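The structure appears below as structure tokens.
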Amino acid sequence: MTGTLETSSDATGASASRKPPLAAVLAAVGIPMFMATLDNLVVANALPVIKHDLGASLSDLQWFVNAYTLAFASLLLTASALGDRLGRRRLFMIGISVFTAASAACAVASEPWMLILFRAIQGFGAAAIMPLSLTLLSASVPEKMRSAAIGIWGGISGLGVALGPVVGGAVVSGLSWQWIFWLNVPIGIVAVPLVARVLSESFGGARRLDVVGLLLSAGGVLAVVWGVIHGADDGWTSAIVLGGILGGAALLVAFIAWELRVTDPMLNLRMFRNRSFSVINTVAFTFALGVFGSIFLLVQYFQVVQGYTPLQAGIRTMPWTMAPMVVAPLAGLIVDRVGPRVLVAAGQVFLAAALGWMAMITTVDVSYGSFVLPFILGGVGMGLTFAPTATVVMASASPKDQGMASGANNTIREVGVAMGVAVLASVFASHGGYTTPQSYVDGLAPAIGVGAVIVAVGAVIALFLPGGKGRIAEITATRPDSEPGLVPLH
């Protein structure tokens with residue numbers, strides 16, 4: 001067994017006698033995660049309709065996405081810390097309840113600012129869902145089954161990605177965009193009692209809430225992304241944009257300095273001494289920045305440029321969005337055999353190639369068939385990224401630190417999503433717009449090209465991950481101890 005004398009006995013706090021079936025555990029952690037994952041692309045596919053109904057601007061569209069991701073990113077580490085202290089299952093259930101209630105509020109929003117506000121509240125709920133779902137899963141399955149279970153977990157996430165555009169398109173075409181949020185309500189109502197029945201409570205290290213760290217990190221991320229979003233409209237040299245970007249950067253530097261000196265940090269920077277943890281989180285950031293910034297624009301292309309309905313557009317994205325559902329579980333099964341470097345690096349290469357391919361072929365009248373192969377290539381790349389990333393993150397941290405590690409990884413990825421939407425939308429706005437189909441294509445092609453370059457950088461960085469059989473065990477053996485002075489047992 002790999003661990004410490006202390007973490008092996010009380011890191012999870014779970015009852016040893018309660019061992020629910022793996023299928024029940026996967027349902028309990030997977031259904032809420034599916035709900036949160038589905039919501040991302042459901043909203044993205046409905047943006048053109050929401051833009052028309054609410055009279056929203058391009059900036060509003062970005063905030064419909066970024067209000068969620070920024071709120072999500074700003075509270076991930078805090079939610080993980082509270083889960084470690086108050087109980088991971090308890091906070092997981094609170095997160096599901098908040099997300100469900102906020103979804104109902106989004107459905108009745110009648111102004112852009114109302115939808116932005118309630119999307120932010122959704123993000124607060126999701127902050128307790130995503131990282132704790134992985135932590136609770138890791139605590140509920142034996143270590144020998146963990147990579148396979150995480151692969152299935154990644155497949156469930158892939159299912160949410162796959163069905164998001166189709167469900168969103170079907171709902172918007174058949175009912176109204178409000179129903180994309182109403183769908184979450186029955187899912188949340190079912191999920192809460194299921195979690196209470198199946199999952200045991202677990203705890204991590206008893207840490208104080210790092211209020212200063214929360215304020216510095218949330219304020220820094222918000223200021224930087226706000227500046228990037230407004231750069232295209234207000235000018236990159238304007239005082240308000242420069243003030244946001246530079247002020248946000250200063251807050252993030254202050255956050256790092258604070259975390260290095262505080263006794264109970266929100267983000268223990270010691271974890272980044274582990275090369276695998278540092279590399280995989282850097283790749284997670286470039287992946288999210290390049291891919292999801294591109295998806296934000298691509299999902300609107302078939303509606304804005306080629307005139308398809310939301311349902312027709314959603315169906316046409318399925319070659320991309322269905323692939324992770326199939327590939328992610330397979331990647332989880334073989335990551336212990338081939339090592340994470342091969343899978344993650346190959347995933348980034350496939351994604352960069354797919355985005356570059358689409359940037360080159362996108363025109364106003366290009367046939368849909370031209371997108372099928374790059375869509376499949378991109379979907380395979382995403383599937384090769386999800387499960388190995390989660391496996392490396394969990395293997396890099398001791399059981400007591402796994403909640404923090406999962407929170408850190410999710411935070412970095414969601415900041416990448418927000419930055420990606422902001423940066424690539426700014427590139428789009430600098431070269432084109434929504435005025436005509438040709439104008440949309442003029443902005444889309446260079447924006448996706450930038451996304452391809454960013455993901456290609458991540459492919460190079462991924463080469464620094466461990467490679468080969470047994471490397472996951474090696475990562476586990478070299479992770480930092482949860483507390484100084486504890487002796488690892490190998």
Side-chain angles (χ1 to χ4, degrees), residues 28-44 46 63-83 88-107 109 115-137 153-154 156-161 163-164 167-168 180-192 194-195 214 217-218 221-222 225 284 288 292 295-296 386 390 403-404 406-418 420-421:
V29 300
I31 289 174
M33 180 192 63
F34 172 82
M35 176 176 66
T37 304
L38 182 78
D39 201 67
N40 272 322
L41 290 187
V42 163
V43 171
W63 280 112
F64 293 157
V65 176
N66 281 336
Y68 178 87
T69 54
L70 285 173
F72 186 13
S74 67
L75 284 185
L76 277 164
L77 289 170
T78 300
S80 297
L82 286 175
R88 292 163 177 164
R89 184 184 65 174
R90 178 181 302 166
L91 202 68
F92 190 55
M93 294 167 63
I94 291 173
I96 297 169
S97 301
V98 170
F99 188 93
T100 303
S103 296
C106 286
L115 184 56
I116 291 170
L117 172 63
F118 297 136
R119 284 284 288 163
I121 298 174
Q122 268 192 314
F124 294 149
I129 293 175
M130 292 297 287
L132 293 179
S133 70
L134 181 58
T135 309
L136 287 166
L137 175 64
W153 176 88
I156 296 171
S157 177
L159 180 63
V161 173
L163 295 182
V167 171
I180 65 177
F181 297 108
W182 285 125
L183 284 175
N184 294 328
V185 176
I187 297 176
I189 291 173
V190 170
V192 170
L194 178 64
V195 169
L214 168 63
S217 62
V221 170
L222 180 62
V225 175
F292 287 96
I295 288 175
F296 171 77
F386 288 149
M404 182 187 292
S406 179
N409 177 252
N410 279 275
T411 298
I412 290 167
R413 188 179 65 246
E414 289 306 314
V415 170
V417 171
V421 170

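Only a predicted model underlies this, so the values are computations on that prediction, with no experimental measurement involved.
Within the 4.5 Å cutoff, no side-chain heavy atoms of Thr100 are placed close to those of Asn184. Taking the side chain as every heavy atom from C-beta outward, Phe92 and Ser133 approach each other to under 4.5 Å.
Rounding to the nearest 0.5 Å places CD1 of Ile31 at 8.5 Å from CD1 of Ile187. Rounding to the nearest 0.5 Å gives a distance of 11.5 Å between CE of Met33 and CD1 of Ile96. A distance of 11.0 Å separates CG in Leu117 from CD in Gln122, rounded to the nearest 0.5 Å. Here the CG atom belonging to Leu91 is positioned 10.0 Å from the CG atom belonging to Leu136, to the nearest 0.5 angstrom.
Remark: the backbone N or O of Phe64 is paired with a side-chain donor or acceptor of Arg119 at under 3.5 angstrom.
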May I have the step-by-step check of side chain to side chain contact (heavy atoms under 4.5 Å, CB included) for Met35 and Leu183, ending in yes or no? CA-CA 9 Å; Met35 176 176 66; Leu183 284 175; over 6 Å; no
Could you go through the side chain to side chain contact (heavy atoms under 4.5 Å, CB included) check for Ile121 and Tyr68 one step at a time? CA-CA 7 Å; Ile121 298 174; Tyr68 178 87; over 6 Å; no
Does the side chain to side chain contact (heavy atoms under 4.5 Å, CB included) test come out yes or no for Leu132 and Arg89, once each step is laid out? CA-CA 8 Å; Leu132 293 179; Arg89 184 184 65 174; over 6 Å; no
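Nearest heavy atoms, Ala128 versus Gly95: CB-CA, 3.8 Å. Taking both residues in full, the closest heavy atoms of Pro32 and Ala191 are given as CG-CB, 3.9 Å, listed atom of the first, atom of the second, then distance. Closest of all the heavy-atom pairs between Phe118 and Ala105 is CD1-O, 3.3 Å. A pairwise comparison of heavy atoms in Asn409 and Ala284 identifies ND2-CB, 3.9 Å as the closest pair.
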